[in-house]
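Because only heavy atoms are used, hydrogens play no part in the values below, and waters and symmetry mates are left out as well, while side chains stay in.
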Amino acid sequence: MESAREFCIHELNDILDGERKILKALEEQIEECSRPELVKGLEAHHGQTEKQIERLEQCFEELNEQPESVECKGVKGLVEEHDSFMEEDPSEELIDIFNCGAAIKVEHYEIASYEGLIRVCQQLGLREVVKLLNQNLKEEQQMLRKCEALAKKLKFAELGMEEEEEIRQPRRRRAA
Ligand SMILES: [Fe+2]
């Protein structure tokens, strides 16, 4: 591999495989999680991820290329991390906390991947591809913010932290 275009196509294939792996992982996480807010968030992102895969396929059409099999080792590693955690037979509460954190890690990974690919595509003048990739990037950024807000609410019951109290305080401060 030598050219920027080859690099771009390689990275596009990598992200496509990553998104497909994430789609499968989300299905598992939706089954595993118990907190309704978390399940709802994951379900919404599952729908978004299906659209993101379609947009990536459109990128290949724009480039007159066929997707090829490239394994996204980064997402593969994150999925393996999840699987080995689940082998520890965690409680329902811990599964929610882990999966919320795992979603945050995935989003950071995806955001960095999209940003890098967008930079290359901009240099190559691939406007339509950049537009499509930016839509995916925006959704990942929204999902990251959603998961971060949710992670703040997920407390360890054994530590006796009152969730309601934690949420109410900042609101009171804002109103003052
Ligand atoms: Fe995604």
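Interatomic distance, OG of Ser91 versus CD1 of Ile97, reported as 7.5 Å (0.5 Å rounding). Rounding to the nearest 0.5 Å places CG of Leu38 at 12.0 Å from NZ of Lys40. With rounding to the nearest 0.5 angstrom, the NZ atom of Lys152 is 7.0 Å from the CD atom of Glu148.
Transitive grouping of hydrophobic side chains (ILVMFWY, heavy atoms separated by less than 4.5 Å) keeps Tyr109 and Tyr114 in distinct clusters. Hydrophobic clustering places Ile53 together with Ile118 (ILVMFWY residues linked when any side-chain heavy atoms are closer than 4.5 Å, directly or through intermediates). If you chain together hydrophobic residues whose side chains sit under 4.5 Å apart, Val70 and Ile22 never meet in one group.
By the neighbour-count criterion of 12 heavy atoms within 6.0 Å, atom CD of Glu68 is sparsely surrounded, having that number or fewer from other residues, nucleotides or ligands.
Asp96 places a side-chain N or O within donor-acceptor distance of the main-chain N or O of Ser34, the cut-off being under 3.5 Å. A donor-acceptor pair under 3.5 Å is absent between the side-chain atoms of Asn13 and the main chain of Ser69, judged by distance alone.
Scanning all heavy atoms of the two residues, the minimum distance from Val129 to Glu62 falls at CG2-CB, 3.9 Å. Pro90 and Ile95 get closest at one heavy-atom pair: CG-CG1, 3.5 Å. Scanning both residues, Glu50 and Leu23, for their nearest heavy atoms gives CG-CD1, 3.7 Å. In this structure, Leu16 and Pro67 approach most closely via the heavy-atom pair CD2-CB, 3.8 Å. In this structure, Val79 and Ala25 approach most closely via the heavy-atom pair CG2-CB, 4.2 Å. Closest non-hydrogen pair, Ala4 versus Val120, comes out as O-CG1, 4.0 Å.
In this structure, Asp17 and Lys21 have side chains that are in contact, with non-hydrogen atoms separated by less than 4.5 Å. Counting only heavy atoms from C-beta outward, the side chains of Met86 and Glu28 never approach each other to under 4.5 Å. Taking the side chain as every heavy atom from C-beta outward, Ser113 and Asp14 never approach each other to under 4.5 Å. Met143 has its side chain within reach of Leu42: a pair of non-hydrogen atoms, C-beta onward, lies under 4.5 Å apart.
With sequence neighbours left out, the side-chain contact (heavy atoms from CB on, under 4.5 Å) criterion links Glu6 to Met1, Glu2, Ser3. In this structure Phe85 satisfies the ring pair (Phe, Tyr, Trp, His ring centres under 6.0 Å) test together with Phe98, sequence neighbours excluded.
A salt bridge links Arg5 to Glu65: one of the charged nitrogens lies within less than 4.0 Å of a carboxylate oxygen. A salt bridge is defined here as a Lys NZ or Arg NE, NH1 or NH2 lying under 4.0 Å from an Asp or Glu carboxylate O, and Arg35 with Glu93 fails to meet this definition.
Remark: of the listed residues Glu19, Glu128, Glu139, Glu140, Glu139 is the sole one forming a salt bridge (Lys or Arg N to Asp or Glu O under 4.0 Å) with Arg55. His45 pairs in a side-chain contact (heavy atoms from CB on, under 4.5 Å) with only one of the listed residues (Glu107, Lys146, Gln29, Gln142), which is Glu107.
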